[in-house]
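Taking it in order: structure first as structure tokens, then the write-up.
Basis for what follows: all heavy atoms, side chains included, without hydrogens, waters or symmetry-related copies. We count ligands from 1, going down the list as the structure has it; atoms in each ligand are counted the same way. On a predicted model such as this, the values are computed, not experimentally measured, just so you know.
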Amino acid sequence: MRTLLIAGNWKMNPSTRSEAVALAEAVKAGVGPAADVHVVLCPPAVFLGAVDSVLEGSPIGLGGQNMHWEPAGAYTGELSGAMLVDVGCTHTILGHSERRHGLGETDSQVNAKLKAALAARLIPIVCLGETQEQRLREQTEAVLTTQLSGSLAGITPEEMAGTVLAYEPVWAIGTGLTATPDQAQSAQAFIRGWLAQQFGEATAARVVVQYGGSVKPENAAELLACPDIDGALVGGASLKANDFLAIVGAARDVTTRGG
Ligand code: 13P
């Protein structure tokens, strides 16, 4: 069984702590006490403590947007997994395309971060996805294979089962372009097939593989109806409580998916 996971990646938004608190309060009120769908909020690191206080007593998880692979040391501007746990995090996003393409983060760095996140007992959300140019050249599966094998190297099947993947085609992020359900399902099924080859069918059936890229209330239901789309990593629409709650509602209609 895979429980759907809807995560809000707030990126570098909102601008103030009070706006972050208000957004988290609205999401908390709308989600309520049920944990039929897993919901996680990933605010900017400076707001994690404030959002954690808001989320107390709610089933909503808290996630970082990135972390360093070292546990401590002279790494100006960085955060460790233990720090994320200490401030209340349950999850952390790793290898987002805005870090891979914008900041040059490599598969081997993502792999080191993944191992550090697992050691810190955080649930990692590892992002993957091709650029528009790569899709047009029909390199999507080759790119995913490279990212999967590099980012997930050296972990055990049990660790894999506890790791979330997010397929986020770069061309669909923040562009308003969404992969069609067929395009997304095809890539997600490819990812699950790769997981089955590397880790076995039973493990592959347990891995939550989210879709991300312009997920909105209008397209969430059709995407989440796909058999290998186990939730959404939501950017822009997660900044509006009503839109994010509508996406959570669409996931609740699907609830759990077997495997
Ligand atoms: P958008 O939903 O704004 O396209 O962002 C997707 C994303 O990058 C989530 O991590």
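Side-chain contact between Trp10 and Val51: present, with at least one pair of heavy atoms (C-beta onward) separated by less than 4.5 Å. Arg99 has its side chain out of reach of Gln65: every pair of non-hydrogen atoms, C-beta onward, lies at least 4.5 Å apart.
The side-chain contact (heavy atoms from CB on, under 4.5 Å) with Leu233 is formed by just one residue from the set Val215, Ile173, Ile93; it is Ile93.
Side-chain polar atoms of Trp171 and Glu133 form no donor-acceptor pair below 3.5 angstrom.
Pairs of residues two or more places apart, or lying in two chains, that qualify as salt bridge (Lys or Arg N to Asp or Glu O under 4.0 Å) and include a residue from residues 175-200 are Arg192-Asp228, Arg192-Asp230.
Salt-bridge annotation for Arg206 and Glu158: present, with a side-chain N of the basic residue lying under 4.0 Å from a carboxylate O of the acidic one.
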Taking a 3.5 Å cut-off between nitrogen or oxygen atoms, can you list every pair linking ligand 1 to the protein, with distances?
| from | atom 1 | to | atom 2 | distance (Å) |
| --- | --- | --- | --- | --- |
| ligand 1 | 2 (O) | Ser214 | N | 3.4 |
| ligand 1 | 2 (O) | Gly235 | N | 2.9 |
| ligand 1 | 3 (O) | Gly236 | N | 2.8 |
| ligand 1 | 4 (O) | Gly174 | N | 2.6 |
| ligand 1 | 4 (O) | Ser214 | N | 2.7 |
| ligand 1 | 5 (O) | Lys11 | NZ | 3.2 |
| ligand 1 | 8 (O) | Lys11 | NZ | 2.8 |
| ligand 1 | 8 (O) | His96 | NE2 | 2.7 |
| ligand 1 | 10 (O) | Asn9 | ND2 | 3.0 |
| ligand 1 | 10 (O) | His96 | NE2 | 2.8 |
| ligand 1 | 10 (O) | Glu168 | OE1 | 3.2 |
| ligand 1 | 10 (O) | Glu168 | OE2 | 2.9 |

